[in-house]
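All of these numbers come straight from a predicted model, not from anything done at the bench. In each ligand, atom 1 is the first atom listed, and ligand 1 is the first ligand listed.
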Amino acid sequence: MSDYSQLYDAIVNGDHRLAAEVTKSALEANTDPSELIAKYMIPAMNEVGNRFACNEYFVPELLIAARAMKASLELLTPLLAAGGVQRVGRVVIGTVKGDLHDIGKNLVASMLEGAGFEVIDLGVDVPPDKFVDTAREKEGTIVAMSALLTTTMVNMKAVVDRLQSAGLRDKVRVMVGGAPLTPQFAEQIGADGYSENATEAVALARRLVSEFATTA
Ligand code: B1M
């Protein structure tokens, strides 16, 4: 792959026009969208996070970096989602209550779509009942929750508990992810699986769907 480090710089510097421009050139050169995301874009957002953590960046810089990331992702995610394959399962995805971070969740949603899943995206700041009510509409649904804050990841447990009290826990599977989570946390709250990134999330969703097939 050619060097697209300009894309990294555009995101770190919050230049959404340049981010879109470099992304377009990369796509014209047939660059793999997943490689652009993994090699330049996620590292750029991590750098933005590091600068925020050491008080070099503040919320406005996070916002403009996120806008640049989204300008690029807008061009890339239709390609990730263009699987054109037969539906393999249904996923209800959202960022949990209190949490507004949606870039990682959107990536996971696009990759799942590209892998053939029907994806219902509930957005951000999703109350527990919204996950439960949407999962209730169809048996065999995967509930997929994202959280980026240590203060909001705890809200995932409320969803698992409500699925239980609604008598749905055996009819759905629950998967969780997001930077502050660990496999141990997922186990503690009674989720069926944790994945570290969007590629692993697809593998996990496939595994969870195959469990439905074997328990049906
Ligand atoms: Co926020 N923020 N932020 N922020 N922000 C973090 C998360 C933080 C780590 C920054 C830092 O301190 N270094 C920190 C959290 C600290 C903590 O809790 N431990 C933080 C903070 C503190 C805050 C505020 C509280 C700041 C404030 O107001 N003082 C505030 C909270 C707002 C709220 O949500 N209530 C806040 C606000 C924001 C913005 C709105 C400005 C903006 C978000 C814009 C948006 O999403 N639309 C923002 C941003 C951009 C970040 C950082 C810099 C980047 C996040 C990102 O998009 N990463 C972030 C620092 C960092 O992550 N290094 C930070 C790129 C994305 C592709 O990765 O989301 O991790 P990620 O997703 C990955 C994996 O985690 C995984 O796969 C994805 C792809 O590989 N994954 C899943 C995610 N969900 C998954 C679900 C799955 C499976 C895998 O299955 C269901």
Within a distance under 4.0 Å of any heavy atom of [X], pick out the atoms of ligand 1 and give their elements.
X: Ala144; answer: 91 (C)
X: Met45; answer: 50 (C), 53 (C), 54 (C), 57 (O), 58 (N), 63 (N), 65 (C)
X: Ser146; answer: 83 (C), 84 (N), 85 (C), 86 (C)
X: Met175; answer: 90 (O), 91 (C)

Heavy-atom protein contact below 4.0 Å for atom 9 (C) of ligand 1: no

Tell me the protein heavy atom at minimum distance from [atom], and give that distance in Å.
atom: atom 64 (C) of ligand 1; value: His101 NE2, 3.8 Å
atom: atom 7 (C) of ligand 1; value: Leu148 O, 3.5 Å
atom: atom 77 (O) of ligand 1; value: Asn197 CA, 3.4 Å
atom: atom 29 (N) of ligand 1; value: Val59 CG2, 4.0 Å

Test your reading of the structure: does Thr151 have an N or O sitting under 3.5 Å from an N or O of ligand 1? no

For Glu200, which of Leu204, Val202, Asn197 qualifies under side-chain contact (heavy atoms from CB on, under 4.5 Å)? Asn197

May I ask whether Ala65 has any heavy atom positioned less than 4.0 angstrom from an atom of ligand 1? no

